[in-house]
Amino acid sequence: MSLDWNELYRSVFPDLVRFLHRKVWDPDRARDLAQEAFVRALQHEPRKPRPWLFQVASNLARDEARTVLRRKRHLALLKSEAEDRQEEAPDPMEGAAERERWAAVRVALDALSERDREALLLWDAGMSYPEIARQTGLAVGAVGTTLARARRRLAEAYKAREGTDVARG
Amino acid sequence: MSHVDEGTLHAYLDGALDALPAAEAARVREHLATCEVCTARLEEERALRDEAAAILAGAAPDAIEPPPFEELRARARVREGTPGFGRRLARLAWAASVVLAIGAGWMLRAATAPDSARQDSIGDGARTAASPAPAAEAVEGTTPAAMGGVGDATGADADVGERLADASPGTGERPAAAAEGTDRMTAAPVADSGAARPASTTVGVASERHALADLAPVPRVLLESSPVSDEVAGRVVGLDTLTFPRTAAEAKEAVAAAPRREEEAAAKTAVTANRVVTQPTEPAAQELRRSRAEAPPPVVQATQRADLPIAVAGIRSTSLSVPGLQVLSVTGMEGEGLAGAVRVRQLLADGDTLELVHLPSGSDPSALAPVAGDGRTEMVLPRNGGWLVVRAHASRDALLELVRGMEGGG
């Protein structure tokens with residue numbers, strides 16, 4: 001009868017972090033937010049925890065994005081380039097390559113409409129069509145079309161960026 | 001047979017065909033088994049799907065090891081002990097409604113003596129089913145009846161609130177947003193009557209009109225003459241401000257509907273047992289939302305809901321709180337001579353706290369713990385047969401000004 005939260009946590013946490021990472025683009029923040037979503041779930045004990053968690057995660061990420069934007073504006077005047085370099089210094093070469101790849105995906109995802117992007121990320125995190133429909137406000141019958149469009153746009157935008165990179169390089 | 005569209009192909013690839021109606025899913029499977037064109041398209045879409053998945057996989061962080069579950073449990077537990085702002089506010093609102101119910105209870109009692117003859121005339125059914133029904137006679141005489149558009153559901157234009165605010169002494173001094181927001185809510189039914197008088201009193205008049213004219217079997221319960229129990233008052237206050245239920249079933253419904261967002265109810269016209277409620281039309285509702293967003297905390301409105309039963313009972317006083325100031329807490333008080341007293345704390349513009357203690361008739365203001373020599377001004381004013389004690393770091397004039405704001409409706 002009672003839900004095995006521990007089990008749910010193990011199975012959903014990685015999906016949730018992946019989902020969040022493509023929104024906040026910071027692995028540590030993604031983990032933090034995923035944990036926050038779980039803490040809230042433990043407090044509220046929703047009946048359908050999985051979709052609930054993704055909904056909360058989505059909201060947290062949106063709030064996070066706003067905060068980051070504010071903070072960035074704030075810091076823009078103070079932060080020197082040298083500090084930037086210092087911050088990135090601990091990253092090994094591999095990390096830099098990884099970040100570059102992330103940046104490419106990020107740009108491609110940004111080319112999608114918000115709803116298409118949300119549907120795609122939810123699907124990639126393992127949500128079903130009905131769950132995606134509920135969270136995005138789409139009709140279940142429209143999820144396939146939305147995903148088809150999202151995938152096409154993503155692939156096109158990603159390729160387009162690769163093209164410009166090659167041209168520049 | 002028509003070919004399968006792109007979206008359905010993706011649903012098929014995603015194993016989500018069963019999210020479609022069964023007949024449709026069957027048709028698609030059948031078609032894909034026989035149509036070469038669609039089979040070829042399916043492979044193209046499969047490639048696209050794989051490509052997108054690969055791109056996204058490139059943006060996944062490395063191994064994701066969940067931190068220990070117990071850690072989260074502990075965090076959740078800690079938070080249970082220190083509820084967040086929203087939860088605190090919700091509890092506060094709840095506490096406010098309970099305490100105000102008590103306050104309304106004693107005010108009703110304080111204002112009127114029980115009349116056993118009248119009580120006898122009230123059927124048991126009526127009493128149990130419709131105890132919150134407004135007292136028609138209670139407001140009669142105190143208010144000129146302007147019945148014109150009570151039943152007309154179209155009114156409630158945005159400037160009703162202003163008209164009322166302008167005409168009511170004291171309201172002009174209130175911080176605008178909160179005062180107007182609440183005025184408009186309660187003022188809606190007078191939209192067409194054009195009469196300038198306290199909105200909450202109008203409710204009673206409207207009820208009377210309906211009780212007398214349209215809805216013959218409405219039980220008329222005379223609150224002013226019945227000893228209203230705290231429980232009954234609680235129900236009155238707990239209900240949606242704008243709706244008086246007639247039967248137990250309606251009361252239940254109203255309570256169930258109460259948590260619904262007020263905005264959802266906006267622009268809807270609800271004919272209730274005793275009166276027609278005209279909710280603000282969309283522009284008015286927007287205005288309301290805007291003005292609410294600017295300042296007024298919901299608790300203030302919860303507080304002012306107490307206006308209804310009190311005004312219905314014919315007491316001219318309106319509010320337990322100063323309109324427009326954030327309510328910090330509403331608590332019932334206990335102790336010798338303080339039974340039924342209600343303490344309301346509100347946030348003043350300068351960050352200081354305004355303390356209002358409402359003492360029912362028969363209580364002794366001197367039973368209240370004195371101000372602790374902290375430089376606050378204290379004023380004890382007679383009000384509603386009882387006392388109102390006002391305390392704050394402010395001049396007497398400033399305190400009087402605030403209290404006058406409370407009397408805005410009367």
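Naming: A, B, ... by sequence-line order, numbering from 1 per chain.
Salt bridge status for R151(A) with D50(B): absent, with no side-chain N to carboxylate O gap under 4.0 Å.
There is no contact between L16(A) and chain B, counting heavy-atom distances below 4.5 Å. Within the 4.5 angstrom heavy-atom criterion, only side-chain atoms of R22(A), from C-beta onward, approach chain B. Interface remark: W5(A) contributes backbone and side-chain atoms alike to the contact with chain B (heavy atom separation under 4.5 Å). Looking at P21(B), there are no atoms closer than 4.5 Å to chain A (heavy atoms on both sides), in backbone or side chain. Neither the backbone nor the side chain of A54(B) comes within contact range of chain A, judged by heavy atoms closer than 4.5 Å. Residue E70(B): no heavy atom, backbone or side chain, is found under 4.5 Å from chain A.
Ranked by heavy-atom pairs shorter than 4.5 Å toward chain B, the options D124(A), L147(A), L121(A) are led by D124(A). For chain B, the option among R153(A), E36(A), R10(A), R149(A) with the highest count of heavy-atom pairs below 4.5 Å is E36(A).
Looking only at distances, a side-chain donor or acceptor of H21(A) sits under 3.5 Å from a matching main-chain atom of A59(B). Here the side chain of Y129(A) pairs no donor or acceptor atom with the backbone of L20(B) at under 3.5 angstrom.
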Report task. Just do the salt bridge (charged side-chain N to carboxylate O under 4.0 Å, His left out) check on R152(A) and E45(B) with the steps written out, would you? Result -> CA-CA 9 Å; R152(A) 177 152 292 121; E45(B) 299 303 330; 3.2 Å; yes

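Q35(A) and R75(B) share a donor-acceptor pair across their side chains, judged by distance under 3.5 Å alone.
Closest non-hydrogen pair, A76(B) versus L42(A), comes out as CB-CB, 3.7 Å.
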Please list, one pair per line, the donor and acceptor atoms closer than 3.5 Å that link side chains of residues 46-58 of chain A to other protein atoms, with sequence neighbours excluded.
unit_1: R50(A); atom_1: NH2; unit_2: A125(A); atom_2: O; d: 3.1
unit_1: R50(A); atom_1: NH2; unit_2: G126(A); atom_2: O; d: 3.1
unit_1: S58(A); atom_1: OG; unit_2: E118(A); atom_2: OE2; d: 2.6

